[in-house]
Amino acid sequence: MLKPVRMCRVDCLVAQGRKGAVLDRLHREGLTQVDTIAEAELEETGMVRDQPLDRASEVSHLLSRFRGIKGVISRYHRTDSNFLDELLGVDKIEPKPVPRMGYGELKDRASSFLSQVEELVNSNAKKLADLKERKERISSRLDKLSPAAGLDVPLSHFHESHYLHSTIGLISRDSEQELEAQLKDRFQDEYASTSYVDGETKVNSYSVLKERSNVLQQVLKSNGFEELPVDGGSTFEETYFDLLSQVEEVEDVMAAAETQLKSAYEERYDELLILEELLSLEEERCNVFKRFGSTERVSYLRLWTPRRDCDATVIAVDEEANGCCYTEIDYDPEDAPTLLENHPLLRPFETFTRLYSPPRYNQMDPTLFTAPTLVLFFGYMLGDAVYGLIITLLSLMLKRKYGAYSRKVADFSFVLLCCGLSTMVFGVLSGSYLGDFLAEYVLKVETRNMFLVLIDPLYKSNAVLLLKVAVVVGVLQVILGNLLGILDKILQRDYLAALTENGSWLIMGSSVPLALYLDTTVAAITFAVGFLLLIKANGFMAFMELPGIIGRVVSYARLLALSLTTPAMGTAFNFLVALSFTIPVIGPVIAFFAFIGSHVMILFMNSLGSFVHSLRLHYVEFYGTFYGGGGVEFTPFIEKRKYTSRR
């Protein structure tokens, strides 16, 4: 509990022909972390980098084909998840039990699935893509033709002849006169213009000699002329309705293709997910060998495993290798990965240790000392019984609804439960129930006179007392941090560092009570000894570190600041709500919504603030005295399943 789980390093030489069976067994049991052999070590031992299993490329190819199918039909996937599900990242999936199968059987099932589904999906997906492109082209023409949709004018009039160039299109009424003037100026009488009117739409056509078509196009373009397409049926009207008919035909064919894809999704999607997951596990097993060394006859594996599982790991390797293996165990490694293992009540709080940085293998795990103070600080700062009750009920709801689907949400709900209960206790002791709502507006008594109230933080000079409490708490936690630092370094047999880096602060700190209650000379000598030890540890930086300890302790004054914020805000908003209640007719309605809205806002803002500042006090002030982190987490080589479970 005080340190990460003790680990063993197991180095194995396994016959090439048995390495696949060994890794299959280790993958199923998930007791070990597979490490990568460094290139320098391979050169030193005369080995080369091992290669994936022969079937690795085949598995990867099958997997890519499955993912291609999934990419097409997964767009039909609809879930019943709500906003909260997505916010918490919870997928309510019931894994399906599947029997254990070898690669041969898995390959046959995957190939059979692909032969039945792949061609259907890919052909319809390609058809849809082509049809969509065709529909876009037709729709683009429709948009251009729509202004002339009602014109019964032959399109052949505007096809380029041997002598003439003709065009038809739209021009704004503001530009029409200017265009006519420019055409008259450029072409004199050597052009023809015609207007066609269809309701509110006016369409103009222009014709010139073919050799002067470029000049016409320049003049039209400079005046914003929009040319209409003239390929298609006999008239604009017929062409427009023919294009509409083509769009309908394309949409019918697209709907048929969509129906087939949707049917493939409904009938085979679950099977696809199962086979994809099994192939992913197979791919992981095939490629893990790239971490190993090898010779012509053996593979060199390096495994990390907790000491309690060391014998089971060695037995598993020996059994699957049929005795064709050699293992060497290091029971006291220095650079092992970190595996945290605390009491079940503390395990949810390991998240905050990982969030900062996992401890190094031989370093102390701070989770035991983080959990209780984190909860107490949160409750102290939020400190309202009703808010605490709401948080508690919310945590129970999250646990009941999502606990079975997500370990992270289950852990979070437990932390939330502890923080809610702490907030309720401090709320009762300070008499805060939605600020002064219960005392002032329900019971009509002074807050300090309520049952079980220990101290009203807003009454007279009580804030000064609470500030002293906050500073004392800070001093105690800083002392605890240095004691833990001493213990950690002693366990690592670094006695000098224990004395100079952490002991120096305790020695200097002891000079304060000595000066107050014993003798100033003794206190001065004690402080000098401690400061010399600090210089020994930090050199010139000791002069910079000394003022920092004061800031570290004073930082705990934020406990007071936030503990006053919640009741003060609640009291202020309650007063405003009471005033709005006196407004004629609509006053009670305004008061109701103002009351609910204000306290929801206070709950959200101050809960977030209490949580952030609690973490800050631990990460900066507490951890800064003894904890460095920098460890690498133990990541077991294990089958990660989402859609399947072992039968």
> Does NZ or CZ of R6 lie under 6.0 Å from the centre of the six-membered ring of Y361, at an angle within 45° of the ring axis?
Replying inline: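 So R6 does make the cation-pi contact.
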
Run the ring-centre check on [X] versus [Y] and record whether the distance is less than 6.0 Å.
{"X": "F369", "Y": "F622", "answer": "no"}
{"X": "Y623", "Y": "F352", "answer": "no"}
{"X": "H618", "Y": "F377", "answer": "yes"}

Can you establish whether the number of heavy atoms outside [X] located under 6.0 Å from its atom [atom1] is more than 12?
{"X": "M397", "atom1": "CE", "value": "yes"}
{"X": "R100", "atom1": "CZ", "value": "yes"}
{"X": "R616", "atom1": "CZ", "value": "yes"}
{"X": "K536", "atom1": "NZ", "value": "no"}
{"X": "K401", "atom1": "NZ", "value": "yes"}

> Salt bridge between D35 and R9, side-chain N to carboxylate O under 4.0 Å?
Replying inline: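 Salt bridge: no.
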
Which distance, rounded to the nearest 0.5 Å, do you find between the [atom1] of [X] and the [atom2] of [Y]?
{"X": "K3", "Y": "L487", "atom1": "NZ", "atom2": "CG", "result": "8.0 Å"}
{"X": "R360", "Y": "Q492", "atom1": "CZ", "atom2": "CD", "result": "7.0 Å"}
{"X": "S610", "Y": "L559", "atom1": "OG", "atom2": "CG", "result": "9.5 Å"}
{"X": "L421", "Y": "S395", "atom1": "CG", "atom2": "OG", "result": "7.0 Å"}
{"X": "E284", "Y": "L23", "atom1": "CD", "atom2": "CG", "result": "10.0 Å"}
{"X": "T644", "Y": "L281", "atom1": "OG1", "atom2": "CG", "result": "6.5 Å"}

>> Students often mix this up, so state it plainly: with edges at 30° and 60°, are the rings of Y619 and Y356 parallel, tilted or perpendicular?
In response: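 Plane angle between 30° and 60°, so tilted.
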
>> Apply salt bridge (charged side-chain N to carboxylate O under 4.0 Å, His left out) to residues R285 and D24 and explain how you reach the verdict.
In response: CA-CA 7 Å; R285 284 191 288 268; D24 283 353; 3.2 Å; yes

For [X] against [Y], the heavy-atom pair lying closest together:
{"X": "S430", "Y": "T447", "answer": "O-CG2, 3.6 Å"}
{"X": "L340", "Y": "P359", "answer": "CD2-CG, 3.7 Å"}
{"X": "P358", "Y": "Y627", "answer": "C-OH, 3.1 Å"}
{"X": "T526", "Y": "S510", "answer": "CG2-OG, 3.4 Å"}
{"X": "H599", "Y": "L434", "answer": "CE1-O, 3.4 Å"}
{"X": "L458", "Y": "T571", "answer": "CD1-OG1, 4.1 Å"}

>> Could you tell me if N462 and D456 have a donor-acceptor pair between their side chains, going purely by distance under 3.5 Å?
In response: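 D456 vs N462: no donor-acceptor pair found between side chains.
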
> Have N606 and T566 got a donor and an acceptor in their side chains that come within less than 3.5 Å?
Replying inline: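 Side-chain D/A pair, N606 to T566: present.
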
> Is the backbone of E283 close enough, under 3.5 Å, to the side chain of N287 for a donor and an acceptor to pair up by distance?
Replying inline: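 Yes.
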
> Is a donor on one side and an acceptor on the other found under 3.5 Å between the side chain of S511 and the backbone of I507?
Replying inline: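 No: the side chain of S511 does not pair with the backbone of I507.
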
> Can you list the steps and then say if M508 with L534 is a side-chain contact (heavy atoms from CB on, under 4.5 Å)?
Replying inline: CA-CA 9 Å; M508 285 189 291; L534 186 64; 3.7 Å; yes

> Do you know which of F378, Y387, Y380 makes ring pair (Phe, Tyr, Trp, His ring centres under 6.0 Å) with F426?
Replying inline: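 So the option named by the test is Y380.
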
>> Applying the side-chain contact (heavy atoms from CB on, under 4.5 Å) criterion to C418, which one of L345, L374, V375 satisfies it?
In response: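 Going through L345, L374, V375 one by one, the side-chain contact (heavy atoms from CB on, under 4.5 Å) with C418 is satisfied by V375 alone.
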
> With E350, which of T367, N342, T370 fulfils side-chain hydrogen bond (donor to acceptor under 3.5 Å, both in side chains)?
Replying inline: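 Result for side-chain hydrogen bond (donor to acceptor under 3.5 Å, both in side chains) with E350: N342.
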
